[in-house]
There are 2 protein chains.
Amino acid sequence: MIRVLIAEDQSMVRGALRALLELEDDIEVVAEVGRGDEVVAAALEHAPDVALLDIEMPGCDGLEAARALAAAVPATRAVVLTTFGRPGFLRRAMEVGAAGFLVKDAPVAELARSIRAVVAGERVIDRDLAAAALAIGPTPLSGREADVLREAAGGATVAEIARRLFLSEGTVRNYLSSAIGKTGARTRVEAARVAEERGWL
Amino acid sequence: MIRVLIAEDQSMVRGALRALLELEDDIEVVAEVGRGDEVVAAALEHAPDVALLDIEMPGCDGLEAARALAAAVPATRAVVLTTFGRPGFLRRAMEVGAAGFLVKDAPVAELARSIRAVVAGERVIDRDLAAAALAIGPTPLSGREADVLREAAGGATVAEIARRLFLSEGTVRNYLSSAIGKTGARTRVEAARVAEERGWL
DNA sequence: GGTCTCCCCTGACAGATGTCAGGGGAGACC
DNA sequence: GGTCTCCCCTGACATCTGTCAGGGGAGACC
């Protein structure tokens with residue numbers, strides 16, 4: 001019997017996923033949590049074979065929970081299940097050692113099949129998404145451009161960014177402009193969004 | 001037996017909701033669609049008692065589908081099931097005649113209970129959300145301010161907005177500035193977002 | 001050793017954004 | 001009838017944004 005922990009902040013979706021998985025003869029949901037920071041404690045207590053982790057959760061996000069899980073409960077394999085199949089998320093998921101990465105618009109049978117596959121030692125990643133993540137290539141942003149764009153993404157003004165990074169305002173403006181050009185965006189906000197989606201930030 | 005149609009673009013979530021509902025003895029899922037513009041045709045074919053409608057779907061959104069449903073299949077009651085419990089969405093749902101409005105972070109038992117309640121002729125709306133929607137009050141934006149903000153939300157420049165609405169650029173700037181002030185935002189983009197969330201746009 | 005490219009850094013400038021001051025008309029109020 | 005308030009409208013102006021030109025240093029290449 002494959003033991004599964006579900007981490008999903010929307011309780012209705014969590015309950016629906018539980019109902020779906022318990023249709024399977026060989027899968028049992030042993031724990032449910034609604035916050036990222038409850039994952040490790042629940043895994044230690046219930047010893048699931050697989051942890052199904054949404055990304056956007058209160059407490060901490062699913063990717064951070066996957067990292068903590070890998071350190072604290074190595075026998076539990078993390079499978080990320082997310083709404084947005086963003087290459088940036090896929091990259092981070094691979095970096096933290098997740099065994100699987102699913103998006104919620106995959107066919108419903110994919111869920112149970114993927115859980116069985118990761119228990120059998122396979123890695124489960126949507127091929128199209130993997131190709132998209134690889135096709136993006138390495139970041140075109142220099143270190144400083146990324147630093148400045150990250151601050152801008154949080155809403156900081158040029159003056160604030162200049163202070164924080166010990167640069168002049170002209171320098172900050174130039175780095176923002178360069179980042180806008182490299183991402184093909186029209187504004188710094190859009191550039192930050194594009195960079196995040198592609199895993200460059 | 002209560003017949004239910006599910007409209008949800010994420011097939012895995014759709015399948016999970018189906019599994020959840022079919023745990024109930026008195027509920028049967030008779031149709032599933034993944035696009036807003038397939039709802040009416042499916043409802044005509046399968047004659048569901050209740051249509052469970054996500055909002056953000058390709059084709060057309062769930063609120064538009066609810067409106068079309070009310071016109072074409074009056075016997076089918078629409079229940080909106082959405083990720084974001086935004087007062088603006090609630091208002092629009094009530095305007096198009098939806099019988100229920102649920103958010104995905106409600107307790108899982110709420111789903112079947114709500115379906116039964118709307119079939120029995122009740123209206124099902126989260127009380128906190130209804131209170132929030134009412135507390136917002138009528139829009140503080142004047143007609144022209146709303147017109148200009150709507151265009152800005154779509155990314156138009158001041159010059160473009162001026163042309164489209166037959167105003168001078170100074171007038172457009174002034175209306176944008178006023179809207180920014182009334183919504184407590186810092187930029188026109190943020191003002192548009194706040195207005196949309198509150199149902200003022 | 002010389003040249004080239006990239007990164008890091010900076011200030012000047014044109015265009016965009018948001019604020020401010022102000023006018024005319026309509027409706028409410030006294 | 002006069003006054004007040006709000007909406008609709010406009011241009012001037014200060015500030016912000018993004019682009020451009022340019023310099024120095026480090027490393028790769030010849």
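Predicted model only: the values in this text are computed from it and were never measured. Naming: A, B, ... by sequence-line order, numbering from 1 per chain.
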Between CG of A/Leu149 and C1' of D/dT17 the distance, given in whole Å, is 14 Å
Can you give me the dot-bracket string for DNA chain D, 5' to 3', counting Watson-Crick and G-U wobble pairs with both distances under 3.5 Å, using [ ] for crossing pairs and | for partners on another strand?
||||||||||||||||||||||||||||||
So what does B/Ser168 hit on the nucleic acid, given a heavy-atom distance under 4.0 Å: a base, only sugar-phosphate, or nothing?
sugar-phosphate
Base, sugar-phosphate, or nothing: which does A/Thr171 touch, judged by heavy atoms less than 4.0 Å apart?
base
Calculate the interatomic distance between B/Leu141 atom CG and D/dC6 atom P; express it in whole Å.
16 Å
With a non-hydrogen cut-off below 4.0 angstrom, is B/Thr157 in contact with a base, only sugar-phosphate, or nothing?
nothing
Checking salt bridge (Lys or Arg N to Asp or Glu O under 4.0 Å) for the pair B/Arg14/B/Asp9: CA distance, chi angles, key distance, verdict?
CA-CA 7 Å; B/Arg14 192 167 71 238; B/Asp9 60 321; over 6 Å; no
Determine, step by step, whether A/Arg86 and A/Glu196 satisfy the side-chain contact (heavy atoms from CB on, under 4.5 Å) criterion, reporting the C-alpha distance in whole Å, the side-chain angles of both residues, the deciding distance to 0.1 Å, and the verdict.
CA-CA 9 Å; A/Arg86 286 161 59 182; A/Glu196 275 176 358; 3.8 Å; yes
Have a look at A/Ser177 and say if it touches a base, only the backbone sugar-phosphate, or nothing, with a 4.0 Å heavy-atom cut-off.
base
Base, sugar-phosphate, or nothing: which does A/Leu167 touch, judged by heavy atoms less than 4.0 Å apart?
sugar-phosphate
Please report the distance, rounded to the nearest Å, between CD1 in B/Ile180 and C1' in C/dC20.
14 Å
Using a distance-only criterion (donor-acceptor N/O pair, under 3.5 Å, no hydrogens), is the base of D/dC20 paired with the side chain of A/Asn174?
yes
Counting just side-chain N and O atoms, does A/Tyr175 come under 4.0 Å of either OP1 or OP2 of C/dC9?
yes
Tell me if the CD atom of B/Glu56 is crowded by more than 12 foreign heavy atoms within 6.0 Å.
no
In whole Å, I'd like the distance from the CD atom of B/Glu169 to the P atom of D/dA12.
12 Å
Whole Å only: how far is the CD1 atom of B/Ile161 from the P atom of C/dT17?
9 Å
Using a 4.0 Å heavy-atom cut-off across all strands, classify A/Arg173 as base, sugar-phosphate, or nothing.
base
Could you tell me if the side chain of B/Val4 sits less than 4.5 Å from the side chain of B/Val30, heavy atoms only?
no
